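Step one of this worksheet: look at the structure below.
As the structure is a computational prediction, the values presented were derived from the model and not from experiment.
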Amino acid sequence: QVQLVESGGGLVQAGGSLRLSCAASGTIFSINVMGWYRQAPGKQRELVATITSGGKANYQDSVKGRFTISRDNGKNTVYLQMNSLKPEDPAVYYCRGHTPSGFDAGDYWGQGTQVTVSS
């Protein structure tokens, strides 16, 4: 079973940057999709970005050009580089690992890390 631990959240001024890290207890190489989600107060959890085992990245429209998801398989870590942060970005950010089917199917979530943006 894979455990995911997020870190790197905090308080940043609008226009600033943060890098979130998601460290896995085991290899992430075989996990189909790693992703970042976020949930703001009073709102549903939403997809921010995903990256496949092959390195293909996809982003929510609102973060395109500002956020970058990446992975370091050697460190079993997924990153979310967040630049040009906006007041609309604050939320708890969650890391997810998902393999929908197969003998190694699984759906793993971290505990979340808080991102706060001041204006």
Side-chain angles (χ1 to χ4, degrees):
Q1 186 174 358
V2 176
Q3 290 184 317
L4 305 175
V5 179
E6 304 96 333
S7 62
L11 173 66
V12 65
Q13 292 276 350
S17 298
L18 285 174
R19 188 179 76 162
L20 306 183
S21 298
C22 172
S25 61
T27 180
I28 62 172
F29 179 79
S30 62
I31 299 177
N32 288 167
V33 181
M34 298 294 300
W36 288 95
Y37 294 71
R38 66 186 181 185
Q39 187 168 20
K43 295 185 178 295
Q44 294 183 326
R45 190 172 298 183
E46 64 179 1
L47 173 69
V48 177
T50 60
I51 186 167
T52 69
S53 59
K56 179 177 174 60
N58 290 281
Y59 300 92
Q60 180 194 112
D61 287 343
S62 66
V63 307
K64 287 181 178 178
R66 300 190 297 121
F67 292 9
T68 302
I69 188 170
S70 62
R71 63 194 297 163
D72 186 332
N73 290 331
K75 296 181 178 179
N76 293 314
T77 301
V78 178
Y79 303 96
L80 184 68
Q81 178 67 47
M82 304 185 295
N83 298 327
S84 301
L85 283 160
K86 300 178 178 180
E88 297 79 18
D89 294 323
V92 177
Y93 284 71
Y94 297 90
C95 181
R96 183 196 188 192
H98 189 208
T99 298
S101 62
F103 71 91
D104 58 347
D107 195 355
Y108 311 101
W109 290 88
Q111 294 299 308
T113 185
Q114 177 71 52
V115 172
T116 303
V117 180
S118 63
S119 59

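When atom types are taken as modelled, the side chain of Gln60 and the backbone of Leu47 share a donor-acceptor pair closer than 3.5 angstrom. Counting only distance, with no hydrogens or angles, the side chain of Glu6 and the backbone of Gly112 share a donor-acceptor pair below 3.5 Å.
The closest side-chain heavy-atom distance from Leu20 to Met82 is below 4.5 Å. The closest side-chain heavy-atom distance from Cys95 to Trp36 is below 4.5 Å. In this structure, Arg38 and Val63 have side chains that are in contact, with non-hydrogen atoms separated by less than 4.5 Å. For the pair Arg71/Asn73, a side-chain contact is recorded, criterion being any heavy-atom separation below 4.5 Å from C-beta on. Residues Phe67 and Leu85 form a side-chain contact, since some pair of their non-hydrogen atoms from C-beta on lies under 4.5 Å apart.
For the 3.5 Å distance criterion, the side chains of Ser17 and Asn83 qualify, holding a donor opposite an acceptor.
Atom CD of residue Glu88 and atom OG of residue Ser62 lie 9.0 Å apart, to the nearest 0.5 angstrom. Once rounded to the nearest 0.5 Å, the distance linking CZ of Arg19 with OG1 of Thr68 reads 12.0 Å. The CG atom of Leu80 sits 12.0 Å away from atom CE of Met34, with the distance rounded to the nearest 0.5 Å. With values rounded to the nearest 0.5 angstrom, Asn32 atom CG is found 13.0 Å from Ile51 atom CD1.
Taking all atoms of both residues into account, the shortest heavy-atom contact from Gly8 to Thr113 is N-OG1, 4.2 Å. The minimum heavy-atom distance between Ala14 and Ser119, with the atom names listed, is CB-CA, 4.4 Å. Between Ala24 and Leu4, the shortest heavy-atom distance links the atoms CB-CD2, 3.7 Å. Between Pro90 and Ala40 the shortest heavy-atom distance is O-CB, 3.7 Å.
Criterion: ILVMFWY side-chain heavy atoms under 4.5 Å apart, direct or through other members. Under it, Val48 and Val117 are part of a common hydrophobic cluster. Residues Tyr37 and Ile69 are members of separate hydrophobic clusters, defined by side-chain heavy-atom contacts under 4.5 angstrom among Ile, Leu, Val, Met, Phe, Trp and Tyr. Clustering ILVMFWY residues whenever any of their side-chain heavy atoms sit less than 4.5 angstrom apart, transitively, puts Tyr59 in the very cluster that holds Val115. When hydrophobic clusters are built by joining Ile, Leu, Val, Met, Phe, Trp and Tyr residues whose side-chain heavy atoms come closer than 4.5 Å, directly or via intermediates, Val33 is not grouped with Tyr93.
Ring geometry for Trp109 against Tyr94 counts as perpendicular: the plane angle is over 60°, on a 0 to 90° scale with 30° as the lower cut.
Annotation for Gln114: atom CD counts as buried by contact number, over 12 foreign heavy atoms lying within 6.0 Å. Gln111 CD: 12 or fewer foreign heavy atoms inside a 6.0 Å radius.
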| message | Could you walk me through whether Thr50 and His98 satisfy the side chain to side chain contact (heavy atoms under 4.5 Å, CB included) test, starting with their C-alpha distance in whole Å, then the side-chain angles of each, then the deciding distance to 0.1 Å, before giving a yes or no? | response | CA-CA 10 Å; Thr50 60; His98 189 208; over 6 Å; no

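Qualifying salt bridge (charged side-chain N to carboxylate O under 4.0 Å, His left out) partners for Asp61, counting only residues two or more places apart in sequence or in other chains: Lys64. With sequence neighbours excluded, the residues that form a salt bridge (charged side-chain N to carboxylate O under 4.0 Å, His left out) with Arg66 are Asp89.
Test Asp104, Thr99, Asp107 against Ile31 for side-chain contact (heavy atoms from CB on, under 4.5 Å) and you get one pass: Thr99.
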